[in-house]
Structure formats: C-alpha cells, structure tokens
Enquirer: 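This is the structure I have questions about; it appears just below.
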2 protein chains.
Amino acid sequence: MRSRFKPAVKLDDVAAHSGVSPSTVSLYMRHPDKVSAKSAEKISRAIEELGYVRNKIASQFTGGARLSMAVIVPSVANIIFGEAVQLIEKIVSEEGFQLLIASHNHSLEKEEAQVRSFLEWSPAAIALAGPEHTDATIKMLQQSGVPVVQMWQVEGQRFPAQVGVDHFSIGYHATRYLYETGCQKVAFFTTRFEEDVRAGKRYTGYLKAVAEQDQLPIVVNVPQSDNIYTATRPLLLKTMIKERGLDGIVASNDGIGAALLIEAADKGIAVPDKLSVLGFGDFPISAHLAPASLSTININAPCIAETTGKMMLRMNRDIDYQGDIVDVGYEIIPRGSTRLVI
Amino acid sequence: MRSRFKPAVKLDDVAAHSGVSPSTVSLYMRHPDKVSAKSAEKISRAIEELGYVRNKIASQFTGGARLSMAVIVPSVANIIFGEAVQLIEKIVSEEGFQLLIASHNHSLEKEEAQVRSFLEWSPAAIALAGPEHTDATIKMLQQSGVPVVQMWQVEGQRFPAQVGVDHFSIGYHATRYLYETGCQKVAFFTTRFEEDVRAGKRYTGYLKAVAEQDQLPIVVNVPQSDNIYTATRPLLLKTMIKERGLDGIVASNDGIGAALLIEAADKGIAVPDKLSVLGFGDFPISAHLAPASLSTININAPCIAETTGKMMLRMNRDIDYQGDIVDVGYEIIPRGSTRLVI
DNA sequence: GTGAAAGCGCTAACAT
DNA sequence: ATGTTAGCGCTTTCAC
C-alpha cells in the first residue's frame with residue numbers, strides 16, 4: 001500500500017550515520033549524559049541532519065515503561081474541567097508523559113468504553129471523576145493494576161487516592177446558609193438532574209438541610225440546552241408562582257444562578273430581600289452581575305488539578321505509595337444575592 | 001524492578017485458552033466477522049474469562065496502522081476550543097482513533113514542542129490552529145508527511161487543508177458595521193494583544209476600516225487576568241476620557257464586550273446611543289445582558305470542529321485527498337448594544 | 001563507555 | 001477459515 005508518510009528515519013540510521021552502535025544512540029536518547037562527549041556530539045549532529053524523530057510506540061513497546069497518563073472528565077467543554085485538564089496536562093507533560101484526555105458527558109457507559117480504550121495504551125495512571133462507575137469499569141481498572149485517582153468528589157473507599165471536595169456537604173451547607181440568612185422556603189435548581197452525579201450529591205445535601213427544617217424539597221430541573229440562560233429564565237416565575245413563599249434558591253452552578261438573577265432583575269423581584277440566590281463555582285461574571293452580584297461557593301479547582309497530577313506522578317514513581325485522600329474544601333462567598341448572616 | 005501492574009494477559013494466552021492460533025485471534029480482534037462463528041464464540045469466551053485487553057502499542061508497532069490523531073489548540077480552558085476539541089474527539093473516536101490533545105496558550109515554542117512530542121506517537125493526522133508556526137514546526141510536519149489541517153483561520157497556502165474563517169475580514173466588517181450604524185470614532189479592545197494571533201488578525205481588519213475613514217486607530221489591551229470582567233471594566237472610562245468622542249468599540253470577544261456593557265450600565269453611559277459595542281463569539285450570556293444585550297459576531301465553531309474532524313479522517317483514508325479550504329463564514333448578530341442599520 | 005544479541009506482543013503475508 | 005513464520009524499532013542485559 002502506498003503511504004503518504006515518508007519512510008521514517010530510524011534509530012539504526014542515526015547509529016550508522018554517526019558511526020556508533022544503535023545501543024549507544026538509544027542510551028543517548030534516554031540519558032544523554034551517560035555517553036561520552038565525543039559520541040554525544042556525533043549523535044546529536046546525526047539526529048539534526050537526519051531529522052530523526054524517536055518512535056515512542058516502539059519505545060514503550062520494547063521498554064515497557066509507560067509513557068502516557070489518562071484523565072476522563074464529564075466534559076472538557078465545561079470551563080472548570082477544561083482548566084483542570086489543562087493544568088494536569090502541564091504537570092504530567094513536564095515529566096515526559098503524554099496526557100490522554102476523554103470526556104463522556106456524564107454517561108457511565110461511555111466512560112467504560114473510554115477506560116477500556118485507554119487501558120489499551122497502557123497508561124501509567126488514570127484520573128476519573130467521582131466514585132460512580134460501572135462494574136465493568138471497576139473490574140478492568142483493578143485487573144490492570146493501573147493506579148487510579150478519583151477526582152472532584154471525595155467519597156467512598158474504592159480508591160485510596162482521592163482529590164476533591166464533598167459535594168454532599170456543599171449542598172447541605174449551601175442550603176443551611178440560606179436558612180441562616182433568613183430564608184423560609186428554599187428550592188434547588190439544577191440541570192441534567194439524573195446524569196450529573198456531583199450535582200446530585202449536592203442535591204442530597206440540600207434534601208437533608210430541608211428535612212431538618214421540616215420542609216418539603218422543591219427541585220427544578222432545567223432542561224438541557226446550549227444556552228443555560230435561555231433555558232433557566234422562564235422557570236423562575238413559574239416556580240415562584242407554584243411555590244408560594246419561595247424566597248431562596250440553591251443553584252447547581254453559577255450559570256443557573258446568574259440566569260436567575262438576570263430574570264429577577266428583569267421582572268423586578270427584589271434580591272436578596274424577596275429572593276436569595278446562592279450559586280456554585282464562582283464564574284468570572286458572578287461578582288459583576290448587577291444590580292445584585294451572585295453569592296456563590298468556590299472550590300479550588302486548580303488545587304484539585306495540581307494535586308491530582310502530582311499524585312498520579314507519585315503513584316507511578318513510588319510503587320508503595322497508594323495515594324492519599326485530600327479534601328481541598330470550599331468557601332461560601334457572600335455577595336449581593338444573599339442577605340448578611342444575622 | 002517490582003511493578004504494580006499485573007502481568008498482562010496476551011493475545012497468545014487467549015489463543016492457547018481458546019484452542020486456536022494467535023493469528024486467528026488477531027484476525028478476530030480486527031475483523032470479528034472474518035472468523036468462523038465457532039472460533040469467534042470460543043475466542044470471545046476466552047477474552048471474557050481472561051479479561052484480555054488488547055495492547056494497542058504492540059498493534060500499532062507491528063501493524064503500522066496509525067491509531068491516533070492529534071489536535072493542538074491555544075487553550076482547552078477556552079470554552080470555544082473546549083467544545084471544538086470535544087466534538088473532534090467524538091468524530092475521530094467513532095472511527096477508532098485515539099485523540100491526542102494539547103494546548104500551548106498562544107506560545108509557538110510550546111506548540112513546536114507539542115508537535116514534536118505528538119509526532120513521536122505517529123498520529124494519522126494533526127489539526128493545528130492558524131497558519132503561524134515556527135520554522136521548525138513546519139519542517140517537522142513536512143518531513144513526517146502527516147496530514148495537517150489548519151483550523152480556525154483560513155489564510156495562506158502552506159496547508160491545503162484549512163477549515164475556519166477569515167479573522168481579518170471579521171475585524172474589518174465588524175468595524176464597518178459600527179460606522180454604518182452611526183458611530184464616529186471606534187476603538188478596538190482586546191486582550192493578549194501580542195500572543196493571540198487570531199485576535200491580531202481581527203485587529204488588522206479593524207485598522208483597515210479605520211484608515212478608510214481617515215481616522216486614527218485606538219487600541220486598548222486588557223491585561224491578562226483570571227477574571228476578564230475585573231480586568232476590563234476600569235478601562236472603559238479611562239479610554240473614553242482619553243479619547244473624547246469615542247462612541248463605538250469592537251471587542252475582541254464577548255467576555256470583554258459584556259464587561260464593557262456592565263461597566264457602561266454601572267456608570268450610566270447610554271448604550272447604544274452614547275456608546276455602541278460589538279462583541280465576538282456569541283457567548284451564552286450575551287443575549288441576556290441588560291439593559292442592553294450584546295451585539296456580536298458568531299462563527300459556527302461546531303461546524304469548524306466537525307469539518308476538521310471529518311477532513312482528518314478523509315485525509316487519512318484517501319491518500320490522494322489533500323484537503324480543502326473551507327471558510328464557514330460568520331454572521332453579525334445585531335442586539336441592543338448597537339444601533340439599527342440606517 | 002560501548003557494542004552484540006535477544007526479544008517485547010502483535011500483524012501480515014503466505015501457505016494450507 | 002486457519003496456522004506458520006518473519007519481523008516491526010527499540011531497549012536491555014551482558015560482555016568487552
């Protein structure tokens with residue numbers, strides 16, 4: 001078969017061209033300082049002249065050393081995951097690893113397929129979001145022996161390496177915060193209710209806080225859309241009419257929170273006096289919304305990413321290291337959309 | 001050396017376990033329908049029982065068939081690129097390719113390193129953003145013979161495969177649009193002025209339109225920040241004071257445009273009468289900004305991504321196909337922040 | 001510090 | 001439809 005690819009220059013060619021043996025060139029590629037200055041000079045010139053590109057496929061095949069790491073998140077199009085992935089990439093690539101990235105849009109079946117497909121590349125470590133996976137995923141991971149770190153959600157003991165926050169606790173304290181700042185009746189606005197497990201965790205926390213107040217929960221599931229504002233806005237009045245006395249909303253993310261504030265301003269609903277809103281994620285615009293800026297909960301995503309990257313690296317390096325459980329915590333950022341704590 | 005990885009089950013093990021030869025198993029892995037139903041049955045059971053995972057490294061090494069494709073964008077944390085990457089991933093993974101992703105934050109040197117590192121994995125195709133690359137990058141790409149698709153910016157003839165828009169034209173027509181809707185003095189707000197080449201292209205288009213009006217250009221470079229709103233807002237009044245009579249702004253993206261509108265509302269500047277703003281990118285919030293929504297320019301990013309993915313696939317499949325130049329175009333979306341065309 | 005030789009796990013002729 | 005064989009490009013002992 002004809003090929004558009006030029007016949008590749010091989011390590012053997014470099015060896016021939018520079019007058020040393022292939023194994024010396026190989027040694028030079030991996031540890032340049034372990035060959036004599038004279039050989040190094042000749043080899044590097046040959047590489048330059050020939051335009052040699054090392055074949056990592058062959059390297060990993062032969063040497064067995066794993067050259068990639070993998071990360072699977074629900075969505076790279078989501079800014080929070082996008083930034084995290086970018087940071088992890090930076091960290092692991094500095095140690096020479098190729099980062100493999102995939103996203104499954106909250107589908108555990110797609111995640112399973114992606115884990116399978118990544119395993120075929122023999123990665124040195126894998127990072128996954130949350131503790132929920134199909135049985136087959138778990139089984140493959142265990143069989144492979146590839147170190148895995150559970151990201152975002154700290155929960156359960158399936159994986160001894162976990163970096164993230166406890167979303168249940170966030171949902172609980174977010175709701176408590178609204179009650180403590182004077183709300184009587186609090187609803188939970190979310191999107192992708194069934195699929196987004198971490199939002200689901202926050203919802204469970206909300207449920208507990210609501211139950212403690214002897215109230216009935218109110219959930220609003222914003223339909224999926226490519227414009228969260230357009231999808232969310234009409235639901236505010238609808239919900240307030242249906243649920244008389246509603247005066248507080250925990251939003252599953254700042255996109256929904258911002259949409260709610262925009263709609264409230266448009267309809268003349270006084271924030272925070274008639275309606276308090278607490279978001280999640282501290283989006284850039286949240287502090288700039290007017291007339292009321294959006295109170296929110298911030299988790300330290302860069303810290304999660306950095307810790308995850310470093311943990312993958314360490315688990316790969318140190319075979320006795322099983323990983324740690326690190327909860328990076330969160331903070332409530334009070335702004336104009338909630339009342340001051342009394 | 002001790003290893004945490006379980007000794008892998010190999011194709012030979014599957015063959016032994018199922019009582020057929022390794023090549024039959026290999027055939028089954030690649031074309032399940034080309035082995036007899038009986039063998040297929042035995043093999044699939046053996047795979048199941050043994051938990052066999054195919055070794056793609058060995059596959060690609062032996063077979064020569066390239067199993068991955070690569071895409072390099074300025075930033076995956078940028079929503080527009082994040083979505084595009086996700087779409088490309090979907091498209092190429094459906095044909096069995098592993099998508100390799102990297103981002104370099106507008107650094108051509110980092111891009112060069114990433115191209116080098118991707119080439120080591122022998123990808124079947126590579127997609128890059130824009131026509132600007134280091135000489136070494138170009139040379140490596142040519143030497144390798146790997147098909148490359150130039151994304152986002154359609155320009156030049158280095159690569160016969162290009163999918164995107166003409167950012168120069170966008171900058172030019174955006175500026176013309178403001179003049180045509182009654183603006184007298186138009187400025188250009190951007191960020192990362194030196195690095196973001198596509199924003200630079202739009203700026204060049206702006207320059208042309210301004211020159212045609214016999215005006216002097218006004219550029220404002222928003223300092224880099226993790227919050228574009230915070231960075232942009234203070235610059236509005238400063239610029240309006242310095243440039244008396246300024247009544248139109250072309251914003252390099254909707255983040256800056258939104259920040260400008262928020263600041264204008266806060267300071268009581270009438271939009272669009274005293275100030276018109278035209279953004280770029282049609283962010284979800286743009287249509288929902290109040291009191292004036294943000295007029296913007298929309299490029300069909302999903303179309304760029306999809307076309308790029310398909311073109312990579314086709315270039316890999318059909319050796320005679322050199323790619324096409326496809327300009328997906330753009331549209332101006334008039335909203336509240338610009339006057340109606342007279 | 002350097003070279004010779006063996007072999008990693010799979011695929012691709014080719015023969016049957 | 002299935003088995004036999006050779007070998008992909010590199011790394012890794014092990015001598016020298």
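These values consider heavy atoms only, across backbone and side chains, with no hydrogens, waters or symmetry-generated copies. Throughout, protein chains are lettered first and strands after them, A, B, ... in sequence-line order, and every chain is numbered starting at 1.
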Enquirer: Rounded to whole Å, how long is the line connecting atom CZ of B/Arg66 with atom P of D/dC8?
Expert: 16 Å
Enquirer: Just the rounded figure in Å: distance from C1' of D/dT11 to CD1 of A/Ile57.
Expert: 15 Å
Enquirer: Between atom NE2 in B/His31 and atom P in D/dA1, what is the gap in whole Å?
Expert: 13 Å
Enquirer: Kindly confirm whether the side-chain ring of A/Phe61 is stacked on the base of C/dC8, judged by centres under 5.5 Å and planes under 30°.
Expert: yes
Enquirer: Could you check how far CE of B/Met29 sits from P of C/dC10, rounded to whole Å?
Expert: 9 Å
Enquirer: Can you find a pair of side-chain heavy atoms, one from A/Arg314 and one from A/Arg317, that are under 4.5 Å apart?
Expert: yes
Enquirer: Under 4.0 Å from OP1 or OP2 of C/dG9: is there any side-chain N or O of B/Thr62 that close?
Expert: no
Enquirer: Does D/dC10 have OP1 or OP2 sitting under 4.0 Å from an N or O in the side chain of A/Tyr28?
Expert: no
Enquirer: Find the distance B/Glu120:CD to D/dG9:P and express it as a whole number of Å.
Expert: 16 Å
Enquirer: Respond yes when some side-chain nitrogen or oxygen of B/Ser39 is under 4.0 Å from OP1 or OP2 of D/dA1, and no when none is.
Expert: no
Enquirer: Could you state the NZ-P distance from A/Lys56 to D/dC8, rounded to the nearest angstrom?
Expert: 23 Å
Enquirer: Rounded to whole Å, how long is the line connecting atom CG of B/Leu11 with atom P of D/dC8?
Expert: 20 Å
Enquirer: Do A/Leu99 and A/Val92 come within less than 4.5 Å of each other through their side chains, counting heavy atoms only?
Expert: yes
Enquirer: Looking at B/Phe5, does the NZ or CZ of A/Arg66 lie under 6.0 angstrom from its six-membered ring centre and within 45 degrees of the ring axis?
Expert: yes
Enquirer: For the side chain of A/Ser21, counting heavy atoms from C-beta on, which of D/dC10, C/dT2, C/dT11 is nearest?
Expert: C/dT2
Enquirer: Which residue lies toward the 5' end of DNA chain D, A/Gln60 or B/Ser23, if each is placed at its nearest nucleotide?
Expert: B/Ser23
Enquirer: For C/dA12, does either OP1 or OP2 sit under 4.0 Å from a side-chain N or O belonging to B/Arg30?
Expert: yes
Enquirer: Could you check if a side-chain atom of B/Gln60 sits within less than 4.5 angstrom of a side-chain atom of A/Trp121, using non-hydrogen atoms only?
Expert: yes
Enquirer: Ignoring backbone atoms, test whether B/Ser59 places a side-chain nitrogen or oxygen under 4.0 Å from the OP1 or OP2 oxygen of C/dT11.
Expert: yes
Enquirer: So if I take every side-chain heavy atom of B/Asn55 and compare against C/dT2, C/dG9, D/dC10, which nucleotide ends up nearest?
Expert: C/dG9
Enquirer: Output the single nucleotide from D/dT2, C/dG3, D/dT11 whose closest atom is nearest the side chain of B/Val35.
Expert: D/dT2
Enquirer: Measuring from the side chain of A/Ala58 (C-beta onward, heavy atoms only), which nucleotide among C/dT2, D/dC10, C/dT11 has the closest atom?
Expert: D/dC10
Enquirer: Can you tell me how far P of D/dG9 sits from CH2 of B/Trp121, to the nearest Å?
Expert: 17 Å
Enquirer: Stepwise, does the side chain to side chain contact (heavy atoms under 4.5 Å, CB included) test hold for B/Leu100 with A/Gln98?
Expert: CA-CA 8 Å; B/Leu100 270 19; A/Gln98 173 65 50; 4.1 Å; yes
Enquirer: From the set C/dG9, C/dG3, D/dT2, return the single nucleotide nearest to any side-chain atom of A/Thr24.
Expert: C/dG3
Enquirer: Any idea which of C/dT2, D/dT2, C/dC10 is nearest the B/Leu27 side chain?
Expert: D/dT2
Enquirer: Tell me what B/Ser36 touches on the nucleic acid: a base, only sugar-phosphate, or nothing, going by heavy atoms under 4.0 Å.
Expert: sugar-phosphate
Enquirer: What's the spacing between A/His104 NE2 and B/Gln86 CD if we round to 0.5 Å?
Expert: 10.0 Å
